Amino acid sequence: MTLTIATWNINSVRLREPTVLRFLAEHGPDVLCLQETKSPDAVFPHDGFEGAGYVHRVVRGEKGYNGVAILSRVPMLPVAHHDFCGRGDCRHIAAQVDGITVHNFYVPAGGDVPDREKNEKFGHKLDFLAEMRDWFGGGDAPAGPSILVGDLNIAPQEHDVWSHKQLLKVVSHTPIEVEALEAVRASRDWVDVARHFIPLEEKAYSWWSYRSKDWSAADKGRRLDHIWVTPDLRERLSGYDMHRDVRGWEKPSDHAPVVVTLGTT
DNA sequence: ATGGTTGGGGTCCAA
């Protein structure tokens, strides 16, 4: 069987529910991982997704900030989440689908100043990444075939941003963040699915700021949203799509959904 | 070097 898994920072699931439903209707991934749902669990908009056939759902939200959820139309079992940095933030949730553990992450954005001495949020981001590295590198994370998706808030490669030179000191593309993300990737030898399919010298973005009159023409994007798989799934990788057009829908999120397709073994 | 927009909750914070 094939399995399609999508990830999307939705920037308020309640405001964007119709947008998510449209995406599900048009593209129908088996599994959709959402970040920045900004919705407490008690008021998560379950009914619409239930009606669309996504009858399996795990959600972890809080009021106003953060929030992650996984919707699935195929059987899914919850997996214990981990509270990175011990703050009680809703930035990680996990579930098992078809024998594969799916980790859905919302990594802290890190504020504006890339210096942990001057900006606590940047320190939080680096600490969060270090804990991800240690958690996956140690014995506590679930073993076996795994997929890690989410808004990792870092664009690691030169062509993951519109201008490598101009963004070297901008949070999301600084060398210290890129190094920290690479350490997470190396912790389980994760495969970056986007770059498995797209040559390193080709620009690839999943996010465009709201603060631009014409985001598409300016095209000052960054690839902040990622899909990684453990090496045992590499042979099943059969497709990858970045749905840039969705960024142009009415009342859009500033992130576009990205999707991986796994083929039969 | 600056300002630009959006969302949530409530008159400001995070992205």
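Lettering follows sequence order; numbering is per chain, from 1. Only a predicted model underlies this, so the values are computations on that prediction, with no experimental measurement involved.
In this structure, A:Arg16 reaches the B:dG7 phosphate: one of its side-chain N or O atoms is under 4.0 Å from OP1 or OP2. Taking only side-chain nitrogens and oxygens, A:Lys121 comes nearer than 4.0 Å to OP1 or OP2 of B:dA14.
B:dT6 and B:dT2: their P atoms are spaced 23 Å apart (whole Å). Nucleotides B:dG3 and B:dG7 are separated by 22 Å at their P atoms, to the nearest Å. Look at the C1' atom in both B:dG9 and B:dA15: the space between them is 15 Å, to the nearest Å. The P atoms of B:dT11 and B:dA1 are separated by 34 Å, rounded to the nearest whole Å.
For the pair A:Asp112 CG and B:dA1 P, the computed distance is 15 Å after rounding to whole Å. Atom CD of A:Glu120 is separated from atom P of B:dA15 by 10 Å (rounded to the nearest Å). Distance CG (A:Leu224) to C1' (B:dA15): 11 Å, rounded to an integer number of Å. As rounded to whole Å, 15 Å separates atom C1' of B:dA15 from atom CG of A:Leu15. Distance A:Glu36 CD to B:dT5 P: 19 Å, rounded to the nearest Å. We find that CD of A:Gln35 is positioned 16 Å from C1' of B:dG7, with the value rounded to whole Å. We find that CD of A:Glu17 is positioned 17 Å from C1' of B:dG7, with the value rounded to whole Å. Rounded to a whole Å, the CZ atom of A:Arg222 is 14 Å from the P atom of B:dA15.
Sequence order on DNA chain B of the closest nucleotides to A:His255 and A:Pro40 puts A:Pro40 first from the 5' end. Each of A:Tyr65 and A:Lys38 lies near DNA chain B, and the nucleotide nearest A:Lys38 is the one positioned closer to the 5' end.
With A:Lys220 contributing its side chain and A:Trp208 its backbone, the two residues share no donor-acceptor pair below 3.5 Å.
Here A:Lys251 lies in heavy-atom contact (under 4.0 Å) with sugar-phosphate atoms only. Backbone-only contact: A:Lys63 has heavy atoms under 4.0 Å from sugar-phosphate atoms and none from a base.
Nearest to the side-chain atoms of A:Tyr210 among the listed nucleotides B:dG9, B:dT6, B:dA15 stands B:dT6.
The side-chain tip of A:Arg22 points at the ring of A:Trp249 from less than 6.0 angstrom away and within 45° of straight on. Taking the ring centre of A:Trp162 as origin, the terminal cationic atom of A:Arg222 falls outside the region bounded by 6.0 Å and 45° from the ring axis.
A:Glu131 and A:His82 are linked by a side-chain donor-acceptor pair at a separation below 3.5 angstrom, with hydrogens and angles left out of the test.
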Can you list the steps and then say if A:Trp215 with A:Tyr210 is a ring-ring contact (aromatic ring centres under 6.0 Å, His included)? CA-CA 7 Å; A:Trp215 68 272; A:Tyr210 284 127; over 10 Å; no
